[in-house]
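Just so it is clear, the model here is predicted, and its values are computed rather than measured. In this chain, residues are counted from 1 in sequence order.
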Amino acid sequence: MDMWKFFGLTHIDHTVMNPMSLQKTSELIDVLNLKEGDLVLDIACGKAEFLCNVVEQYRVKGIGIDASPYTYAEAVKNVRARGFTKDIELHNMDGTAFEAKTLYHMSSCVGGSWIFQGHRGTLAALSKMTKPGGLVLVGEPFWRKEPHNDYLKMTGIEREQHGTHMGNVATGDELGLSFLYTVVSTEDDWDRYEGLQWQAAERFALANPDDADKDELLQKVRQNRKAYLKWGRDCLGWAMYLFQK
């Protein structure tokens, strides 16, 4: 099954495509202290909800990058509906292929660190695109406790793929960034993020019995559901980390 189709279908009901509540996302936006006219880059922007909210609050100019044709289409609709077509420029492309023509007042990649081979690589890449004194924002998983081996086998996640909450902060320190702020997902945030995927998949399969990917979609989602309920809810955390260059 096409990866982008899978994520597009399972995230059809999500406003932001990560396990963070809109309330906490708003809390983070409140502390950005951007200035009108600042330039903001968001790689793996999803449906551009975060970018729209930043533009709305601070009257900045934004660029959103997303490789998925499904979420890119949703981002275009969202930007148009919010009236930000003159303020936000969207590109349907691989984030690693984006060539920054200037340095940004804030560079972000929330929930897409795999694009740059992990948390450290993401912070390093964003830092290169950010003005001195500018902001670097990432969203990243972390281990709340040591994961069960069966959880790793079922999900395909490697133990070394994620660090600890403190370790995610320390990585920024090691790269010369100053740590400013963090918001952390609760179990309720995770439950909503995961649950919306389960119901979206089941609803799609029921409405599209002849879809060639229906069985694989259900198999993947149901396996992920089992792994989350049995192990993931207790061991895997998620947070957004704000640094200054």
Side-chain angles (χ1 to χ4, degrees), residues 3-34 36 38-95 98 104-115 122 126 129 135-141 181-186 188-201 203 238-242:
M3 177 179 69
W4 299 129
K5 180 180 179 181
F6 176 80
F7 285 114
L9 290 175
T10 55
H11 289 74
I12 195 168
D13 295 323
H14 291 72
T15 303
V16 291
M17 298 174 68
N18 61 68
M20 185 65 70
S21 69
L22 292 174
Q23 181 180 355
K24 288 181 182 176
T25 302
S26 179
E27 173 191 330
L28 180 69
I29 292 173
D30 285 343
V31 305
L32 296 179
N33 295 316
L34 295 167
E36 184 174 350
D38 278 356
L39 302 176
V40 172
L41 172 68
D42 190 20
I43 295 178
C45 68
K47 299 178 183 180
E49 181 69 14
F50 174 75
L51 193 53
C52 283
N53 289 340
V54 172
V55 168
E56 182 174 50
Q57 183 156 332
Y58 293 105
R59 300 301 172 188
V60 297
K61 300 292 183 181
I63 294 180
I65 310 294
D66 204 278
S68 167
Y70 297 91
T71 51
Y72 171 76
E74 291 299 315
V76 170
K77 292 178 184 178
N78 195 17
V79 168
R80 287 175 179 170
R82 299 280 290 272
F84 294 140
T85 54
K86 294 182 179 180
D87 303 300
I88 297 176
E89 177 183 322
L90 296 173
H91 298 276
N92 183 204
M93 62 184 295
D94 184 341
F98 176 73
Y104 296 90
H105 296 91
M106 182 177 78
S107 301
S108 60
C109 180
V110 179
S113 64
W114 57 272
I115 298 171
T122 300
L126 295 180
M129 294 183 275
L135 302 175
V136 173
L137 174 66
V138 296
E140 185 69 12
Y181 199 80
T182 186
V183 286
V184 181
S185 295
T186 64
D188 286 345
D189 298 330
W190 267 111
D191 287 345
R192 184 176 189 278
Y193 175 70
E194 295 288 339
L196 288 178
Q197 295 182 59
W198 307 337
Q199 71 158 3
R203 192 172 63 238
W238 203 85
M240 294 170 73
Y241 302 91
L242 182 65

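- Nearest heavy atom pair, residue V55 against residue G62, reads CG2-N, 4.4 Å.
- The salt bridge (charged side-chain N to carboxylate O under 4.0 Å, His left out) search around R80 returns none, not counting sequence neighbours.
- D42 contributes no side-chain N or O that, together with a main-chain N or O of A48, makes up a donor-acceptor pair within less than 3.5 Å.
- One N or O on the side chain of Y58 and one on the backbone of I29 form a donor-acceptor pair closer than 3.5 Å.
- With salt bridges taken as basic N to acidic carboxylate O contacts below 4.0 Å, one links E49 and R82.
- In this structure, the side chains of E36 and V60 stay at 4.5 Å or more apart for every pair of heavy atoms.
- The minimum heavy-atom distance linking S108 with F50 is given by the pair OG-CE2, 4.2 Å.
- Ion pair K24/D189 flagged as a salt bridge, since at least one NZ, NE, NH1 or NH2 atom sits closer than 4.0 Å to an Asp/Glu carboxylate oxygen.
- A distance of 6.0 Å or more separates the ring centres of F6 and H11.
- Between the side chain of H105 and the backbone N or O of L39, at least one donor-acceptor pair lies under 3.5 Å.
- Annotation for M20 and A239: closest pair CE-CA, 4.3 Å, computed over non-hydrogen atoms.
- Within the 4.5 Å cutoff, no side-chain heavy atoms of L135 are placed close to those of S107.
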side-chain contact (heavy atoms from CB on, under 4.5 Å) assessment of L126 paired with C109: CA-CA 8 Å; L126 295 180; C109 180; 4.0 Å; yes
Worked verdict on N18 versus W238 for side-chain contact (heavy atoms from CB on, under 4.5 Å): CA-CA 9 Å; N18 61 68; W238 203 85; 3.6 Å; yes
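- Taking the side chain as every heavy atom from C-beta outward, M129 and L41 approach each other to under 4.5 Å.
- Rounded to the nearest 0.5 Å, atoms CD (E56) and CD1 (I88) are 10.0 Å apart.
- A donor-acceptor pair under 3.5 Å is formed between the side chain of N92 and the backbone N or O of A67.
- Within the 4.5 Å cutoff, the side chain of V16 has heavy atoms near those of the L22 side chain.
- Between M17 and F7, the closest heavy-atom pair is CE-O, 4.3 Å.
- Using a 4.5 Å heavy-atom cutoff, the side chains of I43 and T122 are not in contact.
- Judged purely by atom type and a 3.5 angstrom limit, S68 has no side-chain atom pairing as donor or acceptor with the backbone of G46.
- Side chains of H91 and I63 form a contact here, defined as non-hydrogen atoms less than 4.5 Å apart.
- Rounded to the nearest 0.5 angstrom, T71 OG1 and N78 CG are separated by 11.5 Å.
- Between Y193 and H14, the angle of the ring planes goes over 60°, which puts this pair in the perpendicular group of the 30/60° scheme.
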Worked verdict on C45 versus I65 for side-chain contact (heavy atoms from CB on, under 4.5 Å): CA-CA 6 Å; C45 68; I65 310 294; 5.8 Å; no
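- Between the side chain of K47 and the backbone N or O of I12, at least one donor-acceptor pair lies under 3.5 Å.
- Residues I115 and D94 approach most closely at CG2-OD1, 4.0 Å, considering heavy atoms.
- No donor-acceptor pair under 3.5 Å is formed between the side chain of D30 and the backbone N or O of L28.
- With a 4.5 Å cut-off on side-chain heavy atoms, M240 and L137 count as touching.
- Of the possible donor and acceptor atoms, one in the side chain of T25 sits under 3.5 Å from a partner among the backbone N and O of S21.
- Taking CH2 of W190 as the reference point, atom CG of D188 lies at 13.5 Å (rounded to 0.5 Å).
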Residue pair L34, V54: steps toward the side-chain contact (heavy atoms from CB on, under 4.5 Å) verdict: CA-CA 9 Å; L34 295 167; V54 172; 3.7 Å; yes
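- A salt bridge links R203 to D13: at least one charged side-chain nitrogen sits closer than 4.0 Å to a carboxylate oxygen.
- Annotation: side chain of F84 is not in contact with side chain of L51 (no heavy-atom distance under 4.5 Å).
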